[in-house]
Enquirer: 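So that we are looking at the same thing, I have put the structure below in structure tokens.
Predicted model, so just to flag it, every value in this text is computed and none were measured.
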Amino acid sequence: MYTVKTAEGCGQITEQKLERPSSLKKAGSVPERISCCLGAADAHPGPQESAAAARSAPPHGSATAAPDGRAVKRGAAGMGKRRGGRELARGLSKRQRKHLRQFGEQHPVCDRVSGRPEATQICELSDNSDKSSAESDSETEVEQVSVYHKLLATLKASPESESEEEEDESELEEAGESEVELDSEGSQEPKEAVGGEEEQNDVPEQEEEVAAKDPPEQELGQEQAGGVETSCDPNHGAIEEFTDVKHEAAFSLETNFMEEESGDCDADRRESNSSQAFSEDPFKQHMDKELGEKEVEKISTLSKTSSQSKWPRLGQLTFSSSLEKHTALKPDKEFDLKQLYLHKPLESTWPKVNKHFLSSASKSSDSSFTPLQRELFCIMNTYRDLFYPERNALTNGEEIRHAYCLHALNHILKANAQVLSNNAKKRDQKPGADSDDYRDQGLTRPKVLMIVPFRECALRIVHIFISLLEVNEKRKIDVSNKKRFKGEFGSDPDEKPPNLKRPEDYEAVFAGNIDDHFRIGVAILQKSMRLYAPFYSSDIIIASPLGMRTIIGTEGEKKRDFDFLSSIEMLIIDQADIYLMQNWEHVLHLMKHINLLPLDSHGVDFSRVRMPNLNNWSKYYRQTLLFSALQDPQINAIFNKHCFNYMGQVAVRNVPLSGSISHVVVQLPHVFRRIEAENLTSLIDTRFQFFIDKVLPEYRDAIMSHTLIYVPSYFDYVRLRNYFKKEELNFTHICEYTKKASICRARRSFLKGEKQFLLLTERFHFYKRYTIKGIRNLIFYELPTYSHFYSEICNMMKATDSGVDATWTCTVLYSKYDAQKLAAVVGIDRTAQMLQSKKNVHLFVTGENE
């Protein structure tokens with residue numbers, strides 16, 4: 001929407017609101033409507049050309065083209081003529097007369113102008129929903145007075161202005177009729193035009209920018225991405241495309257300088273110059289390192305040398321590197337914030353943001369980090385890859401999130417400050433000077449990719465970023481599109497049923513908005529943040545594996561894009577264990593498309609691109625931070641086969657001394673039966689054949705009723721279900737796709753003994769955590785992914801009526817390839833005995849006699 005302000009005879013200003021019709025909603029059709037106002041049919045003004053185009057408006061007496069092709073005559077003929085109120089009302093439509101009665105004035109879209117050749121001004125309406133500060137985000141926000149109301153107040157206060165406006169209105173009745181038709185086709189109703197800002201914000205078209213042409217970088221981001229800048233609204237069940245294009249110039253790294261970003265530009269320059277001369281900053285040391293071809297070949301072969309070390313809080317660490325000169329780190333018992341080389345605002349904001357974790361942690365000499373955060377950040381700050389498999393949503397999940405958010409934001413602020421500083425130096429340098437000293441960018445702008453499972457996680461990350469950038473309450477940062485972000489990524493506390501009783505870890509994992517299809521670009525400068533930025537204008541991309549898969553696409557699809565992943569310098573995968581319950585293929589698909597050469601240049605200045613990026617060596621500089629709640633072979637494969645950081649890798653490798661079997665409270669014999677398989681690929685068929693030949697016949701008897709079969713893999717579940725149907729066994733089944741009514745029938749029939757077997761998938765238990773009653777015999781077709789699921793399923797037998805304890809049984813199938821899962825259930829010592837023993841059957845008994 002545009003407001004056209006036209007100067008009149010005695011300084012009076014009338015306001016005209018124009019909006020594109022539905023056929024002109026796309027970004028190439030905007031100039032056609034603007035030319036209608038300016039009288040230039042071929043004008044395509046950009047954001048900086050609006051004033052010049054306004055100055056070139058035709059003088060009165062010329063004709064301008066209306067949208068329907070008819071000429072609107074704006075001349076001085078008939079000036080000085082006056083018509084009475086009746087004649088004026090007679091020439092108006094019903095809608096115009098209604099507006100005249102309500103406000104005492106004719107609707108501004110039909111206002112006539114005087115014969116003075118003043119220039120027409122075009123200005124954009126401010127949209128508070130797209131750019132909001134912390135103050136404007138409050139729910140008790142006072143509705144601002146629209147520009148039209150202010151003008152109306154001045155009109156009522158000046159009777160002379162009213163009479164002159166009536167005179168001007170009577171002079172160009174033909175032009176008024178043409179504009180009435182324009183209003184009925186493309187603009188809002190009169191009632192909407194004078195409404196408050198809340199009404200305007202409700203119109204979805206107002207969220208799109210009607211400014212003129214987009215910059216080339218932005219156009220590439222829109223056209224090629226084909227939905228890169230999208231937000232998935234679960235309320236509508238579809239993907240709504242939304243791209244914040246109005247703040248493109250303010251957040252562009254190419255057109256901004258250090259002076260505009262920081263008030264103390266001299267200090268920043270001195271700091272930048274000193275750091276370039278001689279710097280111990282890990283960021284500069286890592287990014288300025290130039291690898292040789294021999295070093296790259298050695299890293300690509302994945303031949304690594306490893307060493308062991310034990311740290312006080314993290315425990316047993318494994319340091320591995322392809323370059324022999326890198327040795328194991330030693331934990332810093334004490335370090336100052338200045339030694340961490342944090343960027344300017346973070347030194348003062350981090351202690352305030354992190355203080356609520358310090359109250360529960362043991363007090364140490366370092367007052368700004370917990371012991372866990374100190375050791376994690378010590379590794380992160382050296383730009384080594386990190387794998388931490390002991391993340392717990394209940395205990396240390398938020399501590400870890402704050403630590404990697406600090407590291408990511410520190411990296412972004414340093415990288416952007418370097419670019420802005422070099423922009424100023426390049427601007428001041430003499431023509432023809434060598435510009436190789438200013439290689440400070442990648443092939444595309446995004447530097448940090450954060451993979452999180454749910455929208456709630458993205459919401460918390462953005463809140464941490466905002467807290468770290470706000471120095472104090474008086475100096476709030478500007479966050480564009482904050483209201484929209486909270487609406488799409490927040491959650492309503494009333495949506496959750498209050499009577500559901502779930503374990504504490506379940507409540508912690510599934511808190512807030514648990515939609516798993518989203519992606520959002522974030523652009524950050526020191527004093528402002530831009531949400532919903534186009535990917536090619538973003539510094540940080542926060543997304544779920546599914547959100548990335550839908551935009552990366554597959555080979556053969558027309559709308560797919562992964563060029564924005566070409567220069568990712570930091571990959572953070574949080575809660576990796578949850579992706580095993582979603583779809584691990586999406587994570588593998590992402591890893592195959594990261595740090596590849598882009599298919600298009602996307603308007604990059606190749607004189608500013610680092611040489612490793614041009615050599616397609618970006619993956620050797622990428623730092624990967626991997627956090628999980630468990631150790632799993634698939635997660636280990638990501639860390640071992642897809643991480644090529646020349647700085648090396650650090651993995652936490654603590655072994656569980658006691659397994660989750662110690663948490664089983666019921667008296668139950670646990671029979672572990674080992675499966676012998678030649679290789680991992682044949683294990684699936686071997687397990688199925690072993691089950692139907694050795695295990696299932698023991699439970700076919702009617703005495704062995706109420707048998708629950710726990711199946712971790714959905715493919716194994718389908719195979720067993722089909723076999724049970726073929727053999728016409730008396731069974732029922734529940735999986736993550738089963739409807740609620742079918743779940744209730746299956747649970748009821750199993751409890752009453754109408755069905756002998758119940759097939760249950762692990763993903764159903766993960767997402768629902770229902771208590772299955774009536775279990776007397778339990779079969780683990782495979783060891784559970786989460787070790788605590790083993791004790792949870794076994795303890796469900798407590799819900800069965802007493803008096804049948806003697807018939808309870810538990811059978812577990814395992815192989816040598818399940819060593820990590822087995823150790824998490826029975827402990828590392830017992831696992832070694834069970835895998836090395838010549839016997840294939842092992843018995844454990846839990847619980848005590850009453």
Enquirer: When you measure from the side chain of Ser837 to the backbone of Met834, do you find a donor-acceptor pair of N or O atoms at a distance under 3.5 Å?
Expert: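 No: the side chain of Ser837 does not pair with the backbone of Met834.
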
Enquirer: For Tyr579 versus Ile451, what's the shortest heavy-atom pair and its separation?
Expert: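 The answer is OH-O, 2.9 Å.
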
Enquirer: Does any part of the side chain of Leu760, heavy atoms only, come nearer than 4.5 Å to the side chain of Tyr770, both counted from C-beta?
Expert: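 When only atoms from C-beta onward are counted, Leu760 and Tyr770 do not touch, as no gap falls below 4.5 Å.
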
Enquirer: Which residues satisfy the side-chain hydrogen bond (donor to acceptor under 3.5 Å, both in side chains) test with Arg745, sequence neighbours excluded?
Expert: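 side-chain hydrogen bond (donor to acceptor under 3.5 Å, both in side chains) list for Arg745, sorted by chain: Ser742.
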
Enquirer: Do you know which two heavy atoms are closest between Tyr506 and Arg502, and how far apart they sit?
Expert: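 Nearest pair, atom of Tyr506 first, then Arg502: CD2-CB, 3.3 Å.
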
Enquirer: Does the pair Met548 and Leu565 meet the rule for a side chain to side chain contact (heavy atoms under 4.5 Å, CB included), with working shown?
Expert: CA-CA 10 Å; Met548 294 305 299; Leu565 299 174; 3.9 Å; yes

Enquirer: Mind checking the OG-CD spacing from Ser682 to Gln689? Nearest 0.5 Å is all I need.
Expert: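 Nearest 0.5 Å value for the OG-CD distance: 12.5 Å.
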
Enquirer: For Ile775 versus Trp808, what's the shortest heavy-atom pair and its separation?
Expert: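 It is O-NE1, 4.0 Å.
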
Enquirer: If you round to the nearest 0.5 Å, how far is CG of Leu668 from CZ of Phe844?
Expert: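 Answer rounded to 0.5 Å: 12.5 Å.
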
Enquirer: Pick one: which of Arg622, His642, Gln649 meets side-chain hydrogen bond (donor to acceptor under 3.5 Å, both in side chains) with Asp385?
Expert: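 Filter result, single survivor: Gln649.
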
Enquirer: If you measure from the Lys or Arg side-chain nitrogens to the Asp or Glu carboxylate oxygens, is any gap between Lys821 and Glu782 under 4.0 Å?
Expert: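 Looking at Lys821 and Glu782, the cut-off is met.
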
Enquirer: Is it the case that the side chain of Arg747 and the backbone of Thr771 share a donor-acceptor pair, with hydrogens and angles ignored and the cut-off at 3.5 Å?
Expert: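 Judged by distance alone, yes, a pair lies under 3.5 Å.
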
Enquirer: Distance check, rounded to the nearest 0.5 Å: Cys735 atom SG versus Leu759 atom CG?
Expert: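 Result: 10.0 Å between the selected atoms.
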
Enquirer: Any donor-acceptor pair under 3.5 Å linking the side chain of Thr831 with the backbone of Ala823?
Expert: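 Judged by distance alone, yes, a pair lies under 3.5 Å.
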
Enquirer: Within the 4.5 Å heavy-atom criterion, are Ile541 and Ile520 side-chain neighbours or not?
Expert: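 Sidechains of Ile520 and Ile541: no contact.
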
Enquirer: Identify every side-chain donor-acceptor pair in residues 701-714 under 3.5 Å, counting partners at least two apart or on other chains, and give the distances.
Expert:
from: Asp701; atom 1: OD1; to: Ile703; atom 2: N; distance (Å): 3.4
from: His706; atom 1: ND1; to: Phe750; atom 2: O; distance (Å): 3.1
from: His706; atom 1: ND1; to: Gly774; atom 2: O; distance (Å): 3.0
from: Thr707; atom 1: OG1; to: Met704; atom 2: O; distance (Å): 3.0
from: Tyr710; atom 1: OH; to: Glu762; atom 2: OE2; distance (Å): 3.0
from: Ser713; atom 1: OG; to: Phe715; atom 2: N; distance (Å): 3.3

Enquirer: Decide side chain to side chain contact (heavy atoms under 4.5 Å, CB included) for His517 and Arg549; before the verdict, give the C-alpha distance in whole Å, the side-chain angles of both, and the deciding distance to 0.1 Å.
Expert: CA-CA 10 Å; His517 188 191; Arg549 177 60 184 266; over 6 Å; no

Enquirer: If you look at every heavy atom in Asn595 and Ser566, which pair is closest and at what distance?
Expert: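 For Asn595 and Ser566, the tightest heavy-atom pair comes out as ND2-O, 3.3 Å.
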
Enquirer: In the structure I gave you, are the side-chain heavy atoms of Leu729 and Leu696 within less than 4.5 Å of one another anywhere?
Expert: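 Result yes, sub-4.5 Å side-chain heavy-atom pair found.
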
Enquirer: With side chain to side chain contact (heavy atoms under 4.5 Å, CB included) as the criterion, how do Thr624 and Asn645 come out once you've worked through the C-alpha distance, each side chain's angles and the decisive distance to 0.1 Å?
Expert: CA-CA 8 Å; Thr624 303; Asn645 190 355; over 6 Å; no

Enquirer: Pairs of donor and acceptor atoms involving the side chains of residues 631-640, under 3.5 Å and at least two apart or interchain, shall be tabulated with distances.
Expert:
from: Gln631; atom 1: OE1; to: Arg653; atom 2: NH1; distance (Å): 3.4
from: Asp632; atom 1: OD2; to: Gln634; atom 2: N; distance (Å): 3.0
from: Asn636; atom 1: OD1; to: Arg653; atom 2: NH1; distance (Å): 3.4
from: Asn636; atom 1: ND2; to: Asp632; atom 2: O; distance (Å): 3.3
from: Asn640; atom 1: ND2; to: Asn636; atom 2: O; distance (Å): 3.1

Enquirer: To the nearest 0.5 angstrom, please state how far the NZ atom of Lys304 sits from the OG atom of Ser320.
Expert: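 Answer for the NZ-OG pair, Lys304 versus Ser320, is 4.5 Å.
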
Enquirer: With a 4.5 Å cut-off on side-chain heavy atoms, are Leu778 and Cys794 touching?
Expert: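 Sidechains of Leu778 and Cys794: in contact.
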
Enquirer: What about Tyr790 and His670, are their ring centers closer than 6.0 Å?
Expert: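 Yes - the distance between ring centres of Tyr790 and His670 falls below the 6.0 Å cut-off.
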
Enquirer: Would you check if Leu546 and Gln582 make a side-chain contact, meaning some heavy-atom pair closer than 4.5 Å?
Expert: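 No, their side chains stay 4.5 Å or more apart.
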
Enquirer: Any sub-3.5 Å donor-acceptor pair from Asn654's side-chain atoms to Leu314's backbone N or O?
Expert: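 Looks like yes, one N/O pair under 3.5 Å.
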
Enquirer: Are any of the side-chain heavy atoms of Arg673 and Phe690 separated by less than 4.5 Å?
Expert: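 Yes, their side chains come closer than 4.5 Å.
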
Enquirer: Please find the pair of heavy atoms, one from Ile552 and one from Arg560, that lie closest to each other, and give the distance.
Expert: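 The answer is O-NE, 2.9 Å.
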
Enquirer: At what distance, to the nearest 0.5 angstrom, does CG of Leu449 lie from OG of Ser538?
Expert: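 Taking CG in Leu449 and OG in Ser538, the distance rounds to 11.0 Å.
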
Enquirer: Closer than 4.0 angstrom, basic N to acidic O: yes or no for Arg687 and Asp818?
Expert: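 So Arg687 pairs with Asp818 through a salt bridge.
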
Enquirer: Quick one: pull up CG in Asp515 and CD in Glu488 and give me the separation to the nearest 0.5 Å.
Expert: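 Taking CG in Asp515 and CD in Glu488, the distance rounds to 10.0 Å.
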
Enquirer: Quick check against the 3.5 Å criterion: does Ser544 have a side-chain atom that pairs as donor or acceptor with the backbone of Asp516?
Expert: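 Present.
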
Enquirer: With a sphere of 6.0 Å drawn around CD of Glu678, does it hold more than 12 non-hydrogen atoms of other residues, nucleotides or ligands?
Expert: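 For Glu678, atom CD is not crowded (no more than 12 foreign heavy atoms under 6.0 Å).
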
Enquirer: Does a side-chain heavy-atom distance below 4.5 Å link Val462 with Ile542?
Expert: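 Contact flag for Val462/Ile542 side chains = yes.
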
Enquirer: Using 30° and 60° as the class limits, which term best fits the ring planes of Phe485 and Tyr532: parallel, tilted or perpendicular?
Expert: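 Perpendicular, since the angle between the ring planes exceeds 60°.
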
Enquirer: Might you work through the side chain to side chain contact (heavy atoms under 4.5 Å, CB included) test for Tyr404 and Met450, ending with a clear yes or no?
Expert: CA-CA 10 Å; Tyr404 70 65; Met450 292 182 167; 4.2 Å; yes

Enquirer: Answer with yes or no after comparing the ring centroid distance for Tyr781 and Tyr717 against a 6.0 Å cut-off, counting only values under it.
Expert: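 No, they do not, as the ring centres are separated by 6.0 Å or more.
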
Enquirer: Knowing that exactly one of Tyr723, Phe724, Phe731 qualifies, which makes a ring pair (Phe, Tyr, Trp, His ring centres under 6.0 Å) with Phe757?
Expert: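 When ring pair (Phe, Tyr, Trp, His ring centres under 6.0 Å) is applied between Phe757 and each of Tyr723, Phe724, Phe731, only Phe724 qualifies.
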
Enquirer: Treating Asn513 as the side-chain partner and Phe454 as the backbone partner, does any N or O pair qualify as donor plus acceptor under 3.5 Å?
Expert: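 No; zero donor-acceptor contacts below 3.5 Å.
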
Enquirer: When the ring centroid of Phe780 is compared with that of Tyr814, is the distance short of 6.0 Å?
Expert: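 Here the rings of Tyr814 and Phe780 have centres that are no less than 6.0 Å from each other.
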
Enquirer: Does Glu585 CD have over 12 foreign heavy atoms under 6.0 Å away?
Expert: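 No, not enclosed.
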
Enquirer: Could I get the full list of side chain to side chain contact (heavy atoms under 4.5 Å, CB included) partners for Ile684, not counting sequence neighbours?
Expert: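 Ile684 satisfies side chain to side chain contact (heavy atoms under 4.5 Å, CB included) with Asp716, Arg719 once adjacent residues are dropped.
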
Enquirer: Should the pair Arg391-Asp577 be classified as a salt bridge under the 4.0 Å nitrogen-to-oxygen rule?
Expert: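 No, no charged N to carboxylate O under 4.0 Å.
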
Enquirer: Mind checking what makes side chain to side chain contact (heavy atoms under 4.5 Å, CB included) contact with Gln833, not counting sequence neighbours?
Expert: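 Here no residue qualifies.
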
Enquirer: If the condition is side chain to side chain contact (heavy atoms under 4.5 Å, CB included), which residues does Glu676 pass it with, not counting sequence neighbours?
Expert: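 Arg674, Asn840.
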
Enquirer: For a 4.5 angstrom cut-off between non-hydrogen side-chain atoms, does Pro446 reach Ile568?
Expert: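 Yes, their side chains come closer than 4.5 Å.
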
Enquirer: With side chain to side chain donor-acceptor pair (under 3.5 Å) as the criterion, how do Tyr699 and Asn777 come out once you've worked through the C-alpha distance, each side chain's angles and the decisive distance to 0.1 Å?
Expert: CA-CA 9 Å; Tyr699 290 86; Asn777 303 288; 5.5 Å; no

Enquirer: Quick check: closest heavy atoms across Gly553 and Glu557, and the distance to 0.1 Å?
Expert: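 That closest heavy-atom pairing would be CA-OE1, 3.3 Å.
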
Enquirer: Using atom types as modelled and distance alone, determine if a side-chain donor or acceptor of Asp561 lies under 3.5 Å from a backbone N or O of Ile551.
Expert: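 Here the side-chain-to-backbone pair does not exist.
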
